[in-house]
Amino acid sequence: MKKIFLFLFLVACSFRPVFSENDTDVFVAPISGINGIELRNALNAKFGGVHDENAKYNLTVNLQAPITKYKALERTGGATWQEVKLTASYVLKENNKIIATGTESASESYTIVSYLVAANASYNNAVLNTINVLSDKIGMRVMTQTQKNQN
């Protein structure tokens with residue numbers, strides 16, 4: 001019963017979820033580096049696909065290189081955990097007018113193992129997960145701003 005009242009209340013106040021329309025007319029400019037390609041692909045997926053440079057909105061993202069730091073050490077001094085952190089700054093424009101800017105960061109910890117292949121896989125998974133979190137954060141900010149400008 002509570003769910004029905006909540007639904008009716010949200011409909012009455014014209015609530016619309018941010019992700020209700022999966023196609024937002026945003027061109028994401030190319031981002032340098034392999035991690036930049038992954039971030040751009042994730043953002044394009046959030047905005048409903050790749051848009052050309054004539055899109056209503058233009059998003060430029062500057063992705064910094066990953067920063068890693070040790071999180072846990074053994075008594076021998078060897079590291080067992082590391083954290084990878086990615087930071088991205090962005091500029092959102094509508095018709096060459098800046099409507100939003102910001103900086104977002106995300107991090108994830110991963111296990112360091114003695115086997116090189118497994119250690120690389122652990123690091124790469126942590127970076128991809130961090131990129132997905134960054135795309136969620138930036139995507140939400142962009143969608144919120146574009147919906148605000150439409151109203």
Side-chain angles (χ1 to χ4, degrees), residues 1-69 71 81-113 115-151:
M1 191 67 164
K2 291 179 184 179
K3 290 180 182 179
I4 294 172
F5 286 124
L6 177 63
F7 175 74
L8 292 174
F9 172 75
L10 292 175
V11 170
C13 72
S14 69
F15 171 78
R16 186 175 60 144
V18 172
F19 291 107
S20 65
E21 294 177 12
N22 200 22
D23 190 15
T24 306
D25 193 18
V26 177
F27 169 71
V28 181
I31 307 168
S32 64
I34 292 174
N35 294 334
I37 293 169
E38 293 291 338
L39 179 57
R40 183 174 190 238
N41 289 340
L43 288 168
N44 280 328
K46 293 205 178 311
F47 302 142
V50 178
H51 296 272
D52 64 6
E53 294 177 358
N54 298 323
K56 183 176 182 180
Y57 300 99
N58 189 315
L59 179 65
T60 305
V61 179
N62 181 20
L63 182 63
Q64 296 177 4
I67 298 171
T68 56
K69 65 180 179 179
K71 298 295 281 185
W81 284 89
Q82 269 190 324
E83 177 185 63
V84 62
K85 180 179 180 180
L86 286 170
T87 302
S89 57
Y90 63 91
V91 176
L92 179 65
K93 295 180 181 179
E94 179 181 17
N95 301 324
N96 291 326
K97 178 186 171 198
I98 296 175
I99 59 171
T101 62
T103 301
E104 295 291 343
S105 61
S107 62
E108 182 164 324
S109 296
Y110 63 97
T111 305
I112 300 173
V113 293
Y115 300 106
L116 182 60
V117 173
N120 285 338
S122 183
Y123 171 78
N124 290 336
N125 286 336
V127 169
L128 286 176
N129 291 340
T130 306
I131 288 171
N132 286 331
V133 171
L134 267 181
S135 73
D136 287 342
K137 288 180 169 185
I138 294 171
M140 184 62 71
R141 301 266 186 206
V142 168
M143 287 185 196
T144 302
Q145 189 65 41
T146 57
Q147 285 187 2
K148 192 163 84 172
N149 277 15
Q150 290 175 359
N151 295 335

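Excluded from the calculations below are hydrogen atoms, water molecules and symmetry mates; all remaining heavy atoms, backbone and side chain alike, are included. The residues of the chain are indexed from 1 along the displayed sequence.
The shortest non-hydrogen separation linking Val61 to Ala88 is CG1-CB, 3.9 Å. A pairwise comparison of heavy atoms in Ile138 and Tyr90 identifies CG1-CD2, 4.1 Å as the closest pair. Asn35 and Pro66 make their closest contact through ND2-CG, 3.6 Å (heavy atoms, listed as atom of the first residue, atom of the second, distance). Minimum heavy-atom separation, Ala100 to Gln145: CB-CG, 3.9 Å. A pairwise comparison of heavy atoms in Leu63 and Gly36 identifies CD2-N, 3.7 Å as the closest pair. Annotation for Phe47 and Met143: closest pair CD2-CE, 3.8 Å, computed over non-hydrogen atoms.
Without hydrogens or angle criteria, His51 side chain to Asn44 main chain gives no donor-acceptor distance under 3.5 Å. Checking side-chain atoms of Asn95 against main-chain N and O of Lys97 turns up no donor-acceptor pair under 3.5 Å. Between the side chain of Asn58 and the backbone N or O of Lys93 there is no donor-acceptor pair closer than 3.5 Å. A donor-acceptor contact shorter than 3.5 Å is absent between the side chain of Arg141 and the backbone of Gly102. Ser122 places a side-chain N or O within donor-acceptor distance of the main-chain N or O of Thr111, the cut-off being under 3.5 Å.
From Arg40, atom CZ reaches atom OG of Ser135 across 14.0 Å, with rounding to the nearest 0.5 Å. Taken to the nearest 0.5 Å, the CD atom of Glu108 stands 4.0 Å off from the CG atom of Asn129. A distance of 12.5 Å separates OG1 in Thr68 from NZ in Lys85, rounded to the nearest 0.5 Å. In this structure, OG in Ser32 is found 7.0 Å from CG in Asn62, a value given to the nearest 0.5 Å. The line from OG1 of Thr101 to CG of Leu92 is 9.5 Å long, rounded to the nearest 0.5 Å.
Looking only at side-chain heavy atoms (C-beta outward), Tyr57 and Phe27 stay at 4.5 Å or farther from each other. Contact of the Asn124 side chain with the Tyr110 side chain is not registered, since no non-hydrogen atoms from C-beta on lie closer than 4.5 Å. At a threshold of 4.5 Å between non-hydrogen side-chain atoms, the residues Leu39 and Leu43 count as touching. Gln82 places none of its side-chain heavy atoms less than 4.5 Å from the side chain of Ser109. Between Thr87 and Glu104 the shortest side-chain heavy-atom distance does not fall below 4.5 Å.
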Decide yes or no on side-chain contact (heavy atoms from CB on, under 4.5 Å) for Met140 and Lys46, but give the supporting numbers first. CA-CA 9 Å; Met140 184 62 71; Lys46 293 205 178 311; over 6 Å; no

Report the C-alpha distance between Leu128 and Glu38 in whole Å, list the side-chain angles of each, state the deciding distance to 0.1 Å, and finish with yes or no for side-chain contact (heavy atoms from CB on, under 4.5 Å). CA-CA 8 Å; Leu128 286 176; Glu38 293 291 338; 4.0 Å; yes

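Each of Val26, Val91, Ile31 was checked for a side-chain contact (heavy atoms from CB on, under 4.5 Å) with Leu59, and the lone residue meeting it is Val26.
Annotation for Lys137: atom NZ counts as buried by contact number, over 12 foreign heavy atoms lying within 6.0 Å.
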